[in-house]
Amino acid sequence: MAYILNIETSTKNCSVTIAENGETIICKEIAEEGYSHAERLHVFIEASLKEAGIVYKDLSAIAVSQGPGSYTGLRIGVSAAKGFCYALSIPLIAVDTLQILAAQASVSDGLIIPMIDARRMEVYSAIFTPELENKRETRAEIIDEKSFEELEGPVYFIGDCTEKGQTVLTKINFTFLEEIKYPSANEMSGLSFEKYKKSDTVDVAYFEPFYLKDFMVTTSKKKV
């Protein structure tokens, strides 16, 4: 029996699950504009363990969403996951954020394109089959009328970029699944368990989130 704590904090959604052999038994999450991850994450973890009737030492591994996404959100999630792994001497599993998002799309044909907002008309995106096979690497790209125009057959867009995406991605074979906005730890449960069974883990000491773009620090132009 394997209990895995899954942590997803790459977007506005702060999400935690406890999974038993790949099945979610407890899920706690909230999506807020103010990015309350620092305040919510450890509260969610403690509450989830209590409701699941287990303690930290019962965990077999910790899984974390690896990015891309919010720099601050990813740092909070990864730092927490690494801390637990160090303290408990258990493995760390990293799961692709866009694959987690793609796993929410219940479609049987075509291609799934998960997109995470990266300011203005730029998005983080990848392309998956309904079986979650990666057909194109993750990119940070500016979307316009020519984006993905070479793709034939049904194409399903998901993520928090629906509003800006619909203004330029208008081919007849494009569909926006507007109800799917943020990645959730609920979809991590099966993905992390498959990695756990294969011992597909990362080095706790050296693992870093997949930011995709350098974190930009801006200075105020206001005179002091």
Side-chain angles (χ1 to χ4, degrees), residues 2-52 54 56 59-85 90 92-106 112 114-118 123-126 128 132 138 158-162 177-196 202 207 209-212:
Y3 288 110
I4 297 177
L5 167 63
N6 297 285
I7 298 171
E8 214 303 316
T9 56
S10 65
T11 64
K12 294 175 183 177
N13 194 32
C14 180
S15 182
V16 168
T17 64
I18 302 293
E20 179 182 353
N21 295 334
E23 297 291 330
T24 297
I25 56 176
I26 299 293
C27 178
K28 292 191 177 296
E29 60 187 355
I30 188 169
E32 294 181 314
E33 290 294 328
Y35 279 93
S36 59
H37 301 29
E39 296 81 17
R40 301 276 190 178
L41 180 59
H42 288 277
V43 174
F44 283 176
I45 292 171
E46 292 284 351
S48 296
L49 288 167
K50 184 176 181 180
E51 289 183 33
I54 63 173
Y56 284 104
L59 295 172
S60 303
I62 309 291
V64 67
S65 180
Q66 70 180 24
S70 157
Y71 178 90
T72 301
L74 288 170
R75 290 304 298 175
I76 290 170
V78 169
S79 295
K82 292 174 75 168
F84 288 130
C85 288
I90 56 176
L92 176 63
I93 298 168
V95 186
D96 183 293
T97 299
L98 291 172
Q99 186 181 40
I100 296 167
L101 183 54
Q104 293 187 54
S106 298
I112 303 165
M115 299 192 301
I116 293 176
D117 195 6
V123 301
Y124 302 126
S125 69
F128 292 90
L132 301 183
T138 298
I158 58 177
D160 60 355
C161 303
T162 295
L177 304 180
E178 298 183 38
E179 70 277 11
I180 304 174
K181 294 189 68 175
Y182 304 117
S184 167
N186 188 51
E187 280 67 43
M188 289 181 69
S189 295
L191 296 171
S192 62
F193 185 58
E194 288 304 310
K195 283 177 170 277
Y196 175 77
V202 295
F207 175 72
F210 178 42
Y211 296 120
L212 197 57

Chemist: Is the side chain of Gln104 donor-acceptor paired with the backbone N or O of Tyr182 at a distance under 3.5 Å, no angle test?
Modeler: yes
Chemist: Any idea which heavy atoms bring Glu29 and Ser184 closest together, and the distance?
Modeler: OE1-OG, 2.8 Å
Chemist: Taking it one step at a time, do Leu101 and Phe128 satisfy side-chain contact (heavy atoms from CB on, under 4.5 Å)?
Modeler: CA-CA 10 Å; Leu101 183 54; Phe128 292 90; over 6 Å; no
Chemist: Say you draw a straight line from OG of Ser10 to CD of Gln66; how long is it, rounded to the nearest 0.5 Å?
Modeler: 10.5 Å
Chemist: Please evaluate residues Thr97 and Glu8 with respect to the criterion side-chain contact (heavy atoms from CB on, under 4.5 Å), reporting the C-alpha separation (whole Å), side-chain torsions for both, the decisive distance (0.1 Å), and the verdict.
Modeler: CA-CA 8 Å; Thr97 299; Glu8 214 303 316; 3.7 Å; yes
Chemist: Report yes or no: does Ser15 contribute a side-chain atom to a donor-acceptor pair with the main-chain N or O of Ala185 at less than 3.5 Å?
Modeler: yes
Chemist: Drop me the distance from Ile45's CD1 to Phe84's CZ, to the nearest 0.5 angstrom.
Modeler: 4.0 Å
Chemist: Measure from the side-chain N and O atoms of Asn13 to the backbone N and O of Pro183, and report whether any donor-acceptor pair falls under 3.5 Å.
Modeler: yes
Chemist: Under 3.5 Å, side chain of Ser79 to main-chain N/O of Ile76, donor-acceptor pair present?
Modeler: no
Chemist: What distance separates Ile26 CD1 from Asn186 CG, expressed to the nearest 0.5 Å?
Modeler: 11.5 Å
Chemist: Do any N or O atoms from the side chain of Thr9 and from the backbone of Gly73 form a donor-acceptor pair under 3.5 angstrom?
Modeler: yes
Chemist: Can you tell me how far CG of Leu132 sits from CD of Glu187, rounded to the nearest 0.5 angstrom?
Modeler: 10.0 Å
Chemist: Do the non-hydrogen side-chain atoms of Glu20 and Ile18 ever get within less than 4.5 Å of each other?
Modeler: no
Chemist: Side chains of Pro209 and Arg75: does their closest heavy-atom pair fall under 4.5 Å?
Modeler: yes
Chemist: Check step by step if side-chain contact (heavy atoms from CB on, under 4.5 Å) holds for Phe207 and Val64.
Modeler: CA-CA 11 Å; Phe207 175 72; Val64 67; 4.2 Å; yes
Chemist: So does Cys27 get a backbone contact from the side chain of Thr17, meaning a donor-acceptor N/O pair under 3.5 Å?
Modeler: no
Chemist: Any donor-acceptor pair under 3.5 Å linking the side chain of Asn21 with the backbone of Ala2?
Modeler: yes
Chemist: What's the shortest heavy-atom distance between Lys195 and Ile93, and which atoms?
Modeler: CD-CG2, 3.6 Å
